[in-house]
Amino acid sequence: MRRIAILGATGSIGKSALDVIARHPDRFEAYALTANTRAEELAELCRQFRPRLACIADPAAGPLLRKLLRDAGLKTEVLTGAESLVEAATRPDVDSVVASIVGAAGLSSSLAAAHAGKRILLANKEALVMAGPIFMDAVRSGGATLLPIDSEHNAIFQCLPPEGGSFRDRGVKKVLLTASGGPFRLRDRSTMHGITPEEACAHPNWVMGRKISVDSATMMNKGLEVVEAHWLFGATSSQIEVVIHPQSVIHSMVEYADASVIAQLGNPDMRTPIAQVLAYPERIDSGVRSLDLATIGTLTFERPDFKRFPALRIAYDALAHGGTAPAVMNAANEVAVAAFLDRRLPFLQITTIIEETINRLGALPLQSLDDVLAADLAAREHASQLISRVQLSAA
Ligand code: NAD
Ligand code: MG
């Protein structure tokens, strides 16, 4: 029986993970569930899954959560505050941690799981983008196992040979990261200015949280994933190629020295990679229907357009600069995406804000978690200032 902590249980990935767990009560126990502010939703999940521990980051939501669980006759222990997420991630009884909080808010709990030597099932790509070398050191020194949930990285993980080592030792030439191209793949840049949050969040193939949906629309999601692939697999930027594949059926590929290309395919449903990492190295039912290739008929591929989608170029540049540049990029993106979702920033300005923030703050050496947190804070402040200037000039 594997005891699982789900950080971000009320989110899109959290709920998909619970869906898989519910199919295998003989294998998995939802030991701890966490949420940010939504006490009612977390209480509903507790009624369904009866975890030992429920954590809510917002202390103000604690009393309501306690009352709802008491009313339901549950003995679930309740903890509140940001530190409670770390507690859920490190409890000795917990075997695997589904790290599915969105954004930098997931860093401390993901990192704590690494230090505690857990099996980390990582969806929270922002943690790795911000703090890549620190995170990977924590995984090594803590004796943790890091398994990727992000569909592309999960595909690459499945296509790589099981034994470790460098790409050269394993005969790997490069990874091919597929991207759907998002909702605006075919749209002319001159018509992108008035894009609304509703349009940006309507992804053609995937149903996801709002932040990652906007990231997919700007293609910053693929940019974050390039950095994620660098840290997860030790690939250099020239060993990571992005290919647009609008059907989202091939989730990514690995090319070997002999020019063989191995791909992983499946319907676009996150329960597949989640089930793969939950049961790894075994295989279990995910609830996802079989791929019907004859009905799909055609799989197509295109080169990414770095001019219409500058986010991808910005991310490759940030990876090349190294140090704190990816942390700055991530923080500026989070602030700009939140402002866009709040209708305080036009769509095309998201990448402008990110680029200007990186240009201003540059790349500092990254040696400690403090370096990461300082870069994150400085980037948030600078991006917020830039955004208020955009608003002033629009007023
Ligand atoms: P979501 O917005 O649906 O859910 C986010 C979860 O994080 C919620 O449970 C929320 O309560 C929690 N949360 C948010 N802010 C928090 C805070 N400050 N403190 C504590 N908890 C907080 O997001 P999602 O789409 O499920 O994405 C989660 C992560 O998985 C992201 O890093 C995303 O990039 C990654 N991911 C998602 C998908 C997908 O299909 N949704 C695919 C690949 C990777
Ligand atoms: Mg992905």
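Just follow the structure's listing: the first ligand is 1, and inside any ligand the first atom is 1. We number each residue from 1, following the sequence as shown.
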For the side chain of [X] and the backbone of [Y], is there at least one donor-acceptor N/O pair under 3.5 Å apart?
X      : Y      : answer
Asn154 : Pro148 : yes
Arg2   : Asp95  : no
Asn205 : Pro246 : yes

Nearest protein heavy atom to [atom], by residue and atom, and its distance?
atom                    : answer
atom 3 (O) of ligand 1  : Ser12 N, 2.9 Å
atom 42 (C) of ligand 1 : Met270 CE, 3.6 Å
atom 35 (C) of ligand 1 : Ala123 O, 3.1 Å
atom 14 (C) of ligand 1 : Val102 CG1, 3.8 Å
atom 28 (C) of ligand 1 : Ser100 O, 3.4 Å
atom 33 (C) of ligand 1 : Ile212 CD1, 3.9 Å
atom 43 (C) of ligand 1 : Asp150 OD1, 3.1 Å
atom 34 (O) of ligand 1 : Lys125 CE, 3.2 Å

What part of [X], side chain from CB on, backbone N/CA/C/O, both or neither, has a heavy atom under 4.0 Å from ligand 1?
X      : result
Leu224 : neither
Ile101 : both
Glu126 : side chain
Met208 : both
Ala57  : side chain
Ala105 : side chain

Checklist entry - So what does the Glu152 OE1 - the Mg ion (ligand 2) - Asp150 OD1 angle come to, to 10°? => result 100°
Next on the checklist: Could you walk me through whether Asp169 and Ser166 satisfy the side chain to side chain donor-acceptor pair (under 3.5 Å) test, starting with their C-alpha distance in whole Å, then the side-chain angles of each, then the deciding distance to 0.1 Å, before giving a yes or no?
Outcome noted: CA-CA 5 Å; Asp169 292 346; Ser166 69; 3.3 Å; yes
Report yes if [X] has an N/O atom closer than 3.5 Å to an N/O atom of ligand 1; otherwise report no.
X      : result
Thr37  : no
Gly8   : yes
Ile13  : yes
Gly209 : yes
Asn36  : yes
Arg210 : no

Checklist entry - Got more than 12 heavy atoms from elsewhere within 6.0 Å of NE2, His321? => result no
Next on the checklist: Looking only at side-chain N and O atoms, does Asp370 offer a donor or acceptor that is under 3.5 Å from a partner on Ser368?
Outcome noted: no
Next on the checklist: What I want to check is whether the side chains of Glu152 and Thr178 have a donor and an acceptor closer together than 3.5 Å.
Outcome noted: no
Checklist outcome for this item: Contacts of Asp269 meeting side chain to side chain contact (heavy atoms under 4.5 Å, CB included) (sequence neighbours excluded), chain-then-number -> Arg271, Val288
Item to check | Test salt bridge (charged side-chain N to carboxylate O under 4.0 Å, His left out) applied to Glu355 and Arg313, step by step | outcome: CA-CA 10 Å; Glu355 192 149 39; Arg313 175 185 49 74; 3.0 Å; yes
With a 4.0 Å cut-off, would you call [X] and [Y] a salt bridge?
X      : Y      : value
Lys15  : Asp19  : no
Arg360 : Glu356 : no
Glu198 : Arg343 : yes

Checklist entry - Can you find a non-hydrogen atom of Gly14 under 4.0 Å from ligand 1? => result no
Please list, in number order, the atoms of ligand 1 under 4.0 Å from a heavy atom of [X].
X     : value
Leu85 : 20 (C)
Gly11 : 1 (P), 3 (O), 4 (O), 8 (C), 9 (O), 26 (O)
Thr10 : 8 (C), 9 (O), 10 (C), 11 (O)

Checklist outcome for this item: Partner of Arg38 under side-chain contact (heavy atoms from CB on, under 4.5 Å), picked from Leu65, Thr10, Leu45, Ile56, is Thr10
Next on the checklist: Among the N/O/S atoms of Glu225, which is closest to the Mg ion (ligand 2)? Give the atom name.
Outcome noted: OE2
Checklist entry - Once the angle between the rings of Phe347 and Phe184 is folded into 0 to 90°, is it parallel (under 30°), tilted (30 to 60°) or perpendicular (over 60°)? => result perpendicular
Next on the checklist: As a quick check of understanding, evaluate side chain to side chain contact (heavy atoms under 4.5 Å, CB included) for Leu128 and Val227, giving each step before the final call.
Outcome noted: CA-CA 8 Å; Leu128 203 49; Val227 183; over 6 Å; no
